[in-house]
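The structure appears right after this line, and notes come after that.
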Amino acid sequence: CQVASKASTDALKSTVGARKLFKSLNDAAGEAQSLLVASEVYSRNGAGDEAVRVMREAQKVCQAAKETKVEADCLSMIFMARVAMLQKDEENGRKPKAELVREAISAAKELSTLLEQIPDTEERRVSCLAQLSTLQILNEDFEDSLKVAEEALEIAMRFDRAEPMGQAL
């Protein structure tokens with residue numbers, strides 16, 4: 001346990017150093033990536049809320065530098081972190097926390113909007129919308145869930161492959 005703690009501390013120190021280096025080079029994408037690595041360390045150590053806070057910080061760095069692709073990665077990680085927390089609640093027999101559901105929905109909506117602006121991300125957007133639709137059902141927002149599912153299916157039908165359409169359905 002102490003070895004794992006030292007490894008985590010060392011990893012976080014390394015990400016701080018990497019962030020400073022990337023910042024000094026005016027490399028916003030690198031700075032954000034170093035923050036995302038730090039968020040992974042927090043996440044693996046059970047500090048999900050701290051991980052999401054660091055992910056949001058990385059997102060802000062990307063927004064300021066107009067690094068939309070890395071910002072999309074940040075939003076994906078925020079979304080996945082919140083979904084993981086919801087799944088953990090469910091596995092432990094607890095009702096999902098409404099705040100976590102709202103945060104996951106918000107991140108998915110932000111991600112979907114951002115993906116609209118990035119070329120060649122339609123399949124990723126279909127997956128995001130399909131997951132958003134499921135979360136809206138969990139939030140008992142059935143009307144919006146149906147609209148989002150229809151949007152996902154409409155986008156998926158543009159592909160000549162079954163996988164995106166299967167996700168949308």
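Computed from heavy atoms alone, side chains included, the values below leave out hydrogens, waters and symmetry copies.
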Open item on the list: Quick one, Asp27 with Glu31, criterion side chain to side chain contact (heavy atoms under 4.5 Å, CB included). Give me CA distance, side-chain angles, the key distance, then yes/no.
Closed with: CA-CA 6 Å; Asp27 182 347; Glu31 182 182 355; over 6 Å; no
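- Using a 4.5 Å heavy-atom threshold, the side chains of Arg158 and Ile155 count as touching.
- Ile118 and Val70 fall into different hydrophobic clusters, where Ile, Leu, Val, Met, Phe, Trp and Tyr side chains are chained together by heavy-atom contacts under 4.5 Å.
- Between Cys128 and Ser112, the closest heavy-atom pair is SG-N, 3.9 Å.
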Open item on the list: Applying side-chain hydrogen bond (donor to acceptor under 3.5 Å, both in side chains) to Thr15 and Ser34, what does each step give before you reach the verdict?
Closed with: CA-CA 5 Å; Thr15 62; Ser34 65; over 6 Å; no
- [ ] For Arg124 and Asp73, run salt bridge (charged side-chain N to carboxylate O under 4.0 Å, His left out): C-alpha distance rounded to whole Å, both residues' side-chain angles, the deciding distance at 0.1 Å, then the answer.
- [x] CA-CA 11 Å; Arg124 191 171 169 192; Asp73 292 341; 3.3 Å; yes
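- With a 4.5 Å cut-off on side-chain heavy atoms, Phe79 and Gln131 count as touching.
- By the 4.5 Å heavy-atom criterion applied to side chains, Leu12 and Val16 are not counted as neighbours.
- Atoms CZ and CG, on Arg53 and Leu35 in that order, are 9.0 Å from each other to the nearest 0.5 Å.
- Ion pairing between Arg125 and Glu122 fails under the 4.0 Å rule for side-chain N and carboxylate O.
- A donor-acceptor pair is defined here as one N or O able to donate and one able to accept, closer than 3.5 Å; no such pair exists between the side chain of Ser127 and the backbone of Glu123.
- Under the 4.5 Å side-chain criterion, counting only non-hydrogen atoms from C-beta, Lys147 is in contact with Asp144.
- In terms of modelled atom types and a separation under 3.5 Å, the side chain of Thr113 and the main chain of Lys109 share a donor-acceptor contact.
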Open item on the list: Set out, in order, the CA-CA distance, both residues' side-chain angles and the distance that settles side chain to side chain contact (heavy atoms under 4.5 Å, CB included) for Leu75 and Arg56, then state yes or no.
Closed with: CA-CA 8 Å; Leu75 285 168; Arg56 284 280 181 202; 4.0 Å; yes
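- Glu103 places none of its side-chain heavy atoms less than 4.5 Å from the side chain of Met85.
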Open item on the list: Between Gln59 and Glu110, is the side-chain hydrogen bond (donor to acceptor under 3.5 Å, both in side chains) condition met? List the steps.
Closed with: CA-CA 11 Å; Gln59 180 192 8; Glu110 282 183 79; 3.1 Å; yes
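- Going from atom CD1 of Ile105 over to atom CG of Leu100 covers 11.0 Å, rounded to the nearest 0.5 Å.
- Residues Val41 and Asn45 approach most closely at O-ND2, 2.8 Å, considering heavy atoms.
- Atom CZ of Arg82 sits about 8.5 Å away from atom CE of Met55, to the nearest 0.5 Å.
- The shortest distance between side-chain heavy atoms of Leu135 and Leu86 falls below 4.5 Å.
- Annotation: Asn92, atom CG; neighbour count of heavy atoms from other residues, nucleotides and ligands within 6.0 Å is above 12.
- Within the 4.5 Å cutoff, the side chain of Arg19 has heavy atoms near those of the Val61 side chain.
- The heavy-atom pair separating Glu40 from Met77 by the smallest distance is OE2-CE, 3.1 Å.
- Counting all heavy atoms, side chain and backbone alike, Leu36 lies closest to Ala58 at CD2-CB, 4.0 Å.
- Within the model, atoms CG of Leu115 and OG1 of Thr121 stand 4.5 Å from one another, a figure rounded to the nearest 0.5 Å.
- The same ILVMFWY cluster, assembled from side-chain heavy atoms under 4.5 Å apart, contains both Leu138 and Leu132.
- Residue Glu90 qualifies as open at atom CD: its count of foreign heavy atoms under 6.0 Å is 12 or below.
- Between the side chain of Ser76 and the backbone N or O of Ala72, at least one donor-acceptor pair lies under 3.5 Å.
- Taking each heavy atom of Ser145 and Ile137 in turn, the nearest pair found is OG-CG1, 3.2 Å.
- Cys62 and Ala32 make their closest contact through SG-CB, 3.4 Å (heavy atoms, listed as atom of the first residue, atom of the second, distance).
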Task: Verdict with reasoning, Gln117 to Leu114, per side chain to side chain contact (heavy atoms under 4.5 Å, CB included) - done: CA-CA 5 Å; Gln117 302 167 26; Leu114 186 61; 4.0 Å; yes
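- Side-chain contact check for Arg102 versus Glu99: some heavy-atom pair is nearer than 4.5 Å.
- To the nearest 0.5 Å, atom CG of residue Leu153 and atom CD of residue Glu151 are 11.0 Å apart.
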